[in-house]
Amino acid sequence: MKITKKLGLAAGLVSVALVVTACSGGGGNDGDGAAKNGQLSPDGDINATAAADVEQGGTLTLPLSQLPSQWNYGQLDGALADASLIESAVLPQPFRIDEKGVAQIDENLVTSAEATSEDPLVVTYDINPDAVWSDGTPITVADFQAWKTALDGSNPEYLVGSTLGPDRMASVEAGSSDKQVVVTYAEPFSDWKSMFAPLYPASLYNDPNAFNTAYVDTLPVSGGPYKVEKIDTTAQTVTIVPNETWWGDAPKLDSVVFRALDSDADVDAYLNGEIDFVTGNSSERYDRLKDAKDTDIRAAPSARYTHVDFSTKGVLADEKIRQAIQHAVDREALGKVITGTLPYELTTLNNHLFLSTDGAYQDNAKETGNYDVDEAKKILADDGWELNGDVLEKDGKQLEIAVTIPSGTPISQQLSEVMQSQLAAVGIKLTINAVSVDSFFEDNVTPGNYDMTIFVWAGTGYQASGVSIYNSDEQGQNYGRVSSPEIDDLLSQAVAEGDPEKAADLYNQADEKIWEIGHSMPIIQAPYISFQSPKLANFGARAGASDVDWTVVGFTK
């Protein structure tokens, strides 16, 4: 299954396929004992180590669930967790999320960034005077201007994942020099710290064709501690090495190699000593890895959750059927498929916009998303469906839908089979459509070519970026195009609300409507369980949406 990004107030979200989820934050060094005892470290468990105690040199080898083809995060197909992890090492951004889920300024890119006016909202950034792209071009206001122009929705030739934020900017101008950026907003925007992340060079963002195609199978320009040395589509690897034009603290590693490994091949690779880190977020994977030699087990609450997505391109354009499915599917049973015998207490997720670890979380599925077979049958009967044998019919057509999943993904397959049985109990025939892993998102999910599908949302640390998953934006991440004007209005109000408590209330009001129309079904918020080399430092089970500090990732002395 693939992982995509979306946002939350204390944890945002990216899309990923279900079988593999790998992705700085703080955390203790007792990961092996704590994780084995079923404890999740709330601030992350990454073997936090001072830079002076990290070896200079070495190669770190990490797994990917798939080799991304689009490396432009802002492009429609670009917001993938695997790509985002690598981009965080090679591209700059003004703020990074810490282990508490709080945005902290990254002075490598901007030495200051603050709201200098509230009405209208004006944010002023001072770019680090030493900041340059890997081709030697200074990072200036021009890069910020190009980012805004490409992503604000004013030119439809730019195929963007979301316009939210850039579309609220009235202008991006130079201040006292081309190293100062003054952003004036036409509308309030509470999550302005999420903007310009990651930042790309104007030379490749000023042209729509370059925006859409220049980052396909390549990441040509870096602005981080590392640069991409090679993307090998044959070997399915990405190799990054230190960026010689980097102006910040030198990274510790000689190279990082990312290997795309299908299904559970990453577990085999770890057990064979071919990679230094792997996740064990399902009971099958955990059981295979728990007794591995020379291994630390680390665990923290993740910002990821598995969900079932609905599309309106087929029979599920009928809202009543989506509502019935929400009642017919026992999401608690699906959660047990995912977690199995994992030694952690995990509960069903009953909110689309907040994770259970967020202070604003509330159960909004009580009436419209609860497991109630009789209610499902009643909704379908009132909608005109009558049982003919084992399958419902209406106007001579059977109620048959398909769930599209990537082939070779055992958990997706098991979830689909459980739903087959559950839906059969109310007269719905569910077929399983297994497609190529490589085409799963590009050909099926992104264009909405499915009835139902299963993937993971992964957090980014900002609430507003999840809005495009649920509103009516034609170019957003609402792949199934399920929304309503009322949801659009509530989300718009929430994004513009400066008071966090009022914003949270608006987001929860929107979530109630999202459940009512049958947008999608969250299943469970996963733990982040890492199995890794005991010497691997400052990398592991990151809490929530916290970012990696790539300058200190390495191996202990």
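All figures in this text were calculated on a predicted structure; none of them were measured in a lab.
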Inset, instruction - For the pair Thr49 and Asn538, evaluate side-chain hydrogen bond (donor to acceptor under 3.5 Å, both in side chains) and give the outcome as yes or no after the intermediate values. - result: CA-CA 6 Å; Thr49 306; Asn538 301 311; 4.6 Å; no
Side chains of [X] and [Y]: closer than 4.5 Å at any heavy-atom pair?
X: Pro63; Y: Arg259; answer: no
X: His519; Y: Asp309; answer: yes
X: Ile127; Y: Gln180; answer: no
X: Asn128; Y: Lys179; answer: no
X: Asn508; Y: Phe354; answer: yes
X: Thr453; Y: Phe440; answer: yes
X: Val123; Y: Tyr185; answer: yes
X: Pro301; Y: Tyr528; answer: no

Inset, instruction - Run the numbers on Asn478 and Ile469 for side chain to side chain contact (heavy atoms under 4.5 Å, CB included), then give the verdict. - result: CA-CA 4 Å; Asn478 190 351; Ile469 298 170; 5.5 Å; no
Provide the closest heavy-atom pair for [X] versus [Y] in the form atom of the first, atom of the second, distance.
X: Ala113; Y: Tyr125; value: CB-CD2, 3.5 Å
X: Ser472; Y: Asp488; value: OG-OD2, 2.8 Å
X: Val495; Y: Val467; value: CG2-CG2, 3.6 Å
X: Tyr470; Y: Leu491; value: CB-CD1, 3.9 Å
X: Ser88; Y: Leu85; value: OG-O, 2.6 Å
X: Leu91; Y: Val221; value: CD2-O, 3.8 Å

Is there a donor-acceptor pair closer than 3.5 Å between any side-chain N or O of [X] and the backbone N or O of [Y]?
X: Thr213; Y: Asn209; answer: yes
X: Lys230; Y: Val238; answer: no
X: Asn47; Y: Leu536; answer: yes
X: Asp77; Y: Glu442; answer: no
X: Glu173; Y: Val182; answer: no
X: Ser69; Y: Asp217; answer: no
X: Ser302; Y: Gly544; answer: no
X: Asp82; Y: Gln66; answer: yes
X: Asp505; Y: Ala503; answer: no
X: Gln532; Y: Phe539; answer: yes

Inset, instruction - Would you please test Thr279 and Ser530 for side-chain hydrogen bond (donor to acceptor under 3.5 Å, both in side chains) and show each step? - result: CA-CA 4 Å; Thr279 58; Ser530 70; over 6 Å; no
Legend entry - From CA spacing to verdict: side chain to side chain contact (heavy atoms under 4.5 Å, CB included), Gln477, Trp457: CA-CA 11 Å; Gln477 291 179 293; Trp457 284 117; 3.8 Å; yes
Legend entry - side-chain contact (heavy atoms from CB on, under 4.5 Å) against Pro188, all qualifying residues, sequence neighbours excluded: Ala496
Legend entry - side-chain contact (heavy atoms from CB on, under 4.5 Å) against Thr149, all qualifying residues, sequence neighbours excluded: none
Legend entry - Donor + acceptor pair across side chains of Tyr158, Asp152 (<3.5 Å):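 The answer is no; no qualifying pair exists.
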Legend entry - Side-chain donor-acceptor contact under 3.5 Å, Asp438 with Ser436: no
Centroid-to-centroid, [X] to [Y], below 6.0 Å?
X: Phe277; Y: Phe531; result: no
X: Phe95; Y: Phe196; result: no
X: Tyr73; Y: Trp71; result: no
X: Tyr200; Y: Tyr215; result: yes
X: Phe441; Y: Phe455; result: yes

[atom1]/[X] to [atom2]/[Y] distance, rounded to the nearest 0.5 angstrom?
X: Leu490; Y: Glu497; atom1: CG; atom2: CD; result: 12.5 Å
X: Ser112; Y: Glu107; atom1: OG; atom2: CD; result: 8.5 Å
X: Thr551; Y: Asn108; atom1: OG1; atom2: CG; result: 7.5 Å
X: Asp266; Y: Glu274; atom1: CG; atom2: CD; result: 11.0 Å
X: Gln509; Y: Ile514; atom1: CD; atom2: CD1; result: 12.0 Å
X: Gln70; Y: Thr446; atom1: CD; atom2: OG1; result: 11.0 Å

Inset, instruction - Report the residues that fulfil salt bridge (charged side-chain N to carboxylate O under 4.0 Å, His left out) with Lys557, sequence neighbours left out, ordered by chain and then residue number. - result: none
Legend entry - Where at least one partner belongs to residues 114-131, residue pairs that pass salt bridge (Lys or Arg N to Asp or Glu O under 4.0 Å), sequence neighbours excluded: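 Qualifying pairs: none.
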Legend entry - side chain to side chain contact (heavy atoms under 4.5 Å, CB included) evaluation trace for Gln75 with Asn212: CA-CA 6 Å; Gln75 207 270 350; Asn212 294 322; 3.7 Å; yes
Legend entry - Derivation and outcome, side chain to side chain contact (heavy atoms under 4.5 Å, CB included), residues Asp276 and Phe555: CA-CA 10 Å; Asp276 300 297; Phe555 298 97; 4.0 Å; yes
Legend entry - Partners passing side-chain hydrogen bond (donor to acceptor under 3.5 Å, both in side chains) against Ser255 (at least two apart in sequence or in another chain): Thr59
Legend entry - Check ion pair Lys535-Glu55 (N to O, under 4.0 angstrom): no
Legend entry - Contact list for residues 234-251, test side-chain hydrogen bond (donor to acceptor under 3.5 Å, both in side chains), sequence neighbours left out: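 Every side-chain hydrogen bond (donor to acceptor under 3.5 Å, both in side chains) pair that includes a residue of residues 234-251, provided the two are not neighbours, is Lys227-Glu244, Asn243-Thr245.
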